[in-house]
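When a residue number appears, it is its place in the shown sequence, counting from 1. These values consider heavy atoms only, across backbone and side chains, with no hydrogens, waters or symmetry-generated copies. One-based numbering, in listed order, for ligands and for the atoms of each. From a predicted model like this one, the values you see are computed outputs, not experimental measurements.
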Amino acid sequence: MNAPATLPGHDQYPRLFSPLDLGFTRLRNRSIMGSMHTGLEEMADGFERMAAFYAERAAGGVGMIITGGISPNEEGGIVVNNEQGEAAFAASKLSTDTEAAGHRLVTTAVHEAAPDAKICMQILHMGPLAYNEGLVAPSAIRSRIGAFTPRELDEAGIEKQIADHANCAKLAQSAGYDGVEIIGSAGYLLSTFLVEKTNQRQDQWGGSYQNRMRFPLAVIRRVREAVGPDFIVIFRIAAMDMLQGGMSWEEVALLAKEVEAAGATIISTHFTWHESQVPTIATMVPRAAFTRVTQRVRREVSIPVITSNRINMPDVAEDVLERGDADLVSMARPMLADSQFMRKAAEGRPEAINTCIACNQACLDHTFNMKVTSCLVNPRACHETLLNYAPTDAPKKIAVVGAGPAGLAYATVAAERGHRVTLFDEAAEIGGQFNLAKRVPGKEEFHETLRYYKHQLAEVGVEVILGQRVDGAIIKAGDFDHTVVATGISPRRPDIPGIDHPMVMGYIEAITGQREVGKKVAVIGAGGIGFDVTDLITHAGPSAALDINVFAKEWGIDFEHHPRGGVTGIEPEVARADREVWLMQRKETPVGRGLGKTTGWTHRLTLNRRGVHMLNGVQYRQIDDRGLHILVGNEPRLLEVDTVIICAGQESNDGLQHSLQKAGLSSEVVGGAKEALELDAKEAINQASWLAALI
Ligand code: FAD
Ligand code: NAP
Ligand code: SF4
């Protein structure tokens, strides 16, 4: 996909589209695609796929791309099993000329797609978070989230790490990158030198703060020496590391100045160590929550500064730049969600942007489960060579029944390809269960997906018929060539004695407020919906996602005075509704274990702080006027509740499919209508997009 060299920009976003002169080179606008591991790095055809992935983003108008992290040596990276099942280093290491050759494919593709786009390679030495048995760190201290205890570096080992960084940067330069980003945050090697709890050395590399800064600064100097003056060197610092006893503001400010003096071109601000207990990118984090921290760093230095975290629409980026919080705005996941983000902004069409909802379900959760990264709202992300929506040469007249995520994805992809699509839903609005999800505090971003689909349906010319329950007769009368059943799911009503008692309600009634929830509540089922419902009914006051002060209070952050780590000594204060809630499941596993890997802990912690009782290994015996009778580990218990909310999973709405079958009409079934078990929006959209790409 080729793009004009420079996007015109748009009056709506003058700052976002203003170029930035770096002296020896120029960035075409103020947008950066932040570093994300794609999982392609480990694959046999990974470079070809990464080339297509990054080139599409360059053509889509982003100013500068930072690749996923690449280790400068074996000890800094991850060992994976190769196709023969042997332990091997993946392409996510760059320390030899041979390894550099693959990167050429990526840099060439990006520069061909957009000659004025820049691409920098991130050098990521994982230090104590590396996954190999030779891992190293300033001191032999195992991270709370690390797999192994690292070996303490000796003087020669330190010199090797510095030299390896310089060698890696030089190789990146030879592979055609415009620069490198060195990660000095997040609990990876360089940051562990900065902090006393991970650096207990008493030599020149530890002890005083000047000594603790010595290693990262030496890395910058040697990288600069290796690549010369006309190469972008970005250094990523933890501007607020969110650790109890973490870095003080004075240490951050001094580090920023020294980083500049050591030869960095740009400072990028990061806001966490992976082990911190504050969410910094999940959907319940307010948009642009951390940019004011970047602003303080920016005042300390004269080189450009990048901000990031939960900036997912162009107006948010423009506001950040207008306030002077930063010189450049990094948006990583938003570029997964929509490769054409900047082009659409340049055309003044923000409503056409497929917005990142910060769910982490197909990106970070995949990374941490060793799966290829993608995106819940855009399954093409990282699959650009495999999933394409090519124009059809045999247009069909298609009926799609159900305008939930599955039906919306199917209808829009099929219509984009040139099919004539009619989308039906019995409800008065599109969205299916997303209309429930969007009501949960902290899930406000789900509105954006519905806005996007509404726009997209009109853009690609789908006929939308709402308020129409579809049966076989309607399909027959419509004379369609193809019918897609995307009728979704209905909540399961478990077979518990007393299930028809008036105190029992379904999650739909609880979420929509159709019935009043009492003061003592039992929630049956602790899956994603059980957690969401419990969150909704125990929540009080404004949503933290919409109010930064509430967010700061709930997570114990002091943005103004910046105590060590931004959090030291502050007790989180969680507002909660006047309600006692029991959330329970039959499984013996800890409640909430099945939630998303990178976000589940935030939900568990929030409900714990609100005093929710979580019970596992529960057997439901009876519901009557006294409440809910259960057995927990064979001990009978009575929960004297006035409300029981059922969140016990779903069953497929397969009635239409059966009636079409009976009438001899063929159909294709997608989403929850096909399989309700473990079906979520990620799977619904993914399934529907692949099928619609083939019809
Ligand atoms: P549905 O969303 O159920 O849509 C089916 C549509 O078909 C409905 O609009 C219905 O009105 C229509 N329909 C049914 N029968 C007919 C008929 N005969 N004629 C016409 N129309 C018909 N998933 C995630 O991945 N991440 C989350 O964070 C998340 N949060 C959630 C929070 C809540 C509170 C809820 C309830 C769900 C959440 N989900 C989440 C689950 C996700 O919403 C579902 O997996 C997804 O909506 C399923 O999509 P679907 O299109 O298959 O079905
Ligand atoms: P779910 O995650 O499968 O949870 C269903 C819950 O019901 C489980 O706790 C299950 O636990 C219980 N259950 C199942 N059958 C039961 C029965 N017969 N009697 C009593 N309890 C029963 O499904 P969900 O919560 O309905 O969510 C639907 C989908 O949406 C899921 O795929 C989910 O991942 C997704 N979702 C995701 C999020 C998110 O934030 N990512 C949020 C909401 C929903 P036991 O069997 O142990 O009792
Ligand atoms: Fe954003 Fe979710 Fe897509 Fe990740 S999966 S890029 S968080 S929308």
Side-chain angles (χ1 to χ4, degrees), residues 36 281-283 312 332-337 354-366 373-378 381 401-410 424-427 429-440 443 445-446 449 465-471 474 485-496 507-508 511 524-533 536 583-589 591 594-596 599-600 603 616-618 620 646-650 652-653 655-656 659 670-674 676-685 687-688:
M36 285 172 291
I281 60 169
T283 192
N312 63 348
R333 297 172 299 166
M335 301 292 168
L336 285 180
N354 196 0
T355 305
C356 166
I357 58 174
C359 64
N360 283 359
Q361 285 177 240
C363 52
L364 270 189
D365 284 348
H366 277 207
T373 295
S374 192
C375 173
L376 180 145
V377 299
N378 173 25
V401 186
L408 289 168
Y410 197 109
F424 297 93
D425 203 296
E426 64 181 326
E429 55 184 347
I430 62 161
Q433 292 179 68
F434 260 32
N435 290 309
L436 298 172
K438 74 186 185 191
R439 292 169 176 254
V440 175
K443 284 197 158 174
E445 292 288 1
F446 283 61
T449 304
I465 300 180
L466 296 174
Q468 171 77 70
R469 184 164 178 87
V470 173
D471 54 20
I474 293 178
V485 176
T487 46
I489 48 78
S490 294
R492 175 183 291 123
R493 208 163 164 75
D495 190 13
I496 301 171
Y507 64 77
I508 298 177
I511 294 173
I524 291 186
I529 292 177
F531 264 81
D532 275 355
V533 165
L536 180 74
L583 171 62
M584 62 202 99
Q585 67 183 27
R586 296 170 306 174
K587 284 188 282 295
E588 295 284 351
T589 50
V591 174
L595 299 178
T599 51
H603 299 298
N616 51 359
V618 174
Y620 309 109
I646 306 296
C647 304
Q650 286 95 14
S652 294
N653 287 334
L656 178 62
S659 72
V670 295
K674 184 173 185 178
L677 188 69
E678 295 187 357
L679 186 278
D680 60 7
K682 179 183 81 170
E683 182 52 26
I685 293 175
Q687 227 180 62

Below a 4.0 angstrom heavy-atom separation, can you tell me which part of [X], side chain or backbone, both or neither, approaches ligand 1?
{"X": "Ala486", "answer": "backbone"}
{"X": "Val401", "answer": "side chain"}
{"X": "Ile511", "answer": "side chain"}
{"X": "Gln468", "answer": "backbone"}

Worksheet entry | Test item, Leu376 contacting ligand 1 (heavy atom, 4.0 angstrom) | yes
Worksheet item: Would one find an N, O or S atom of Cys375, in either backbone or side chain, under 2.8 Å from atom 2 (Fe) of ligand 3?
Response: no
Worksheet item: Out of Leu677, Val533, Leu679, whose heavy atom sits nearest atom 30 (O) of ligand 2?
Response: Leu679
Worksheet entry | Winner among Arg493, Arg586, Lys682 once heavy atoms are compared against atom 16 (C) of ligand 2 |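 Ranked by closest heavy atom to atom 16 (C) of ligand 2, first place is Arg586.
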Item to complete: Report yes or no: does Cys647 have a heavy atom closer than 4.0 Å to ligand 2?
Response: yes
Worksheet item: Under a heavy-atom criterion of less than 4.0 Å, does Phe531 contact ligand 2?
Response: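 Under 4.0 Å: no for Phe531.
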Item to complete: Report the part of Cys359 (side chain from C-beta onward, or backbone N, CA, C, O) that has a heavy atom under 4.0 Å from ligand 3; answer both or neither where that applies.
Response: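 Cys359 to ligand 3: contacts from backbone and side chain alike.
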Is [atom] near the protein, in the sense that some protein heavy atom lies at less than 4.0 Å from it?
{"atom": "atom 3 (O) of ligand 2", "answer": "no"}
{"atom": "atom 40 (C) of ligand 1", "answer": "no"}
{"atom": "atom 30 (N) of ligand 1", "answer": "yes"}

Item to complete: Mark up the atoms of ligand 2 that fall under 4.0 Å of a heavy atom belonging to Gly649, in ascending order.
Response: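 Ligand 2 atoms under the 4.0 Å threshold to Gly649: 5 (C), 7 (O), 26 (O).
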Worksheet item: Where's the contact between Glu678 and ligand 2, heavy-atom distance under 4.0 Å: side chain, backbone, both or neither?
Response: backbone
Worksheet item: How far is atom 9 (O) of ligand 2 from its nearest protein heavy atom, and which residue and atom name does that atom have?
Response: Ala526 N, 2.8 Å
Discussion item. Tell me whether Lys674 at atom NZ has more than 12 heavy atoms from other residues, nucleotides or ligands lying less than 6.0 Å away.
Written reply: no
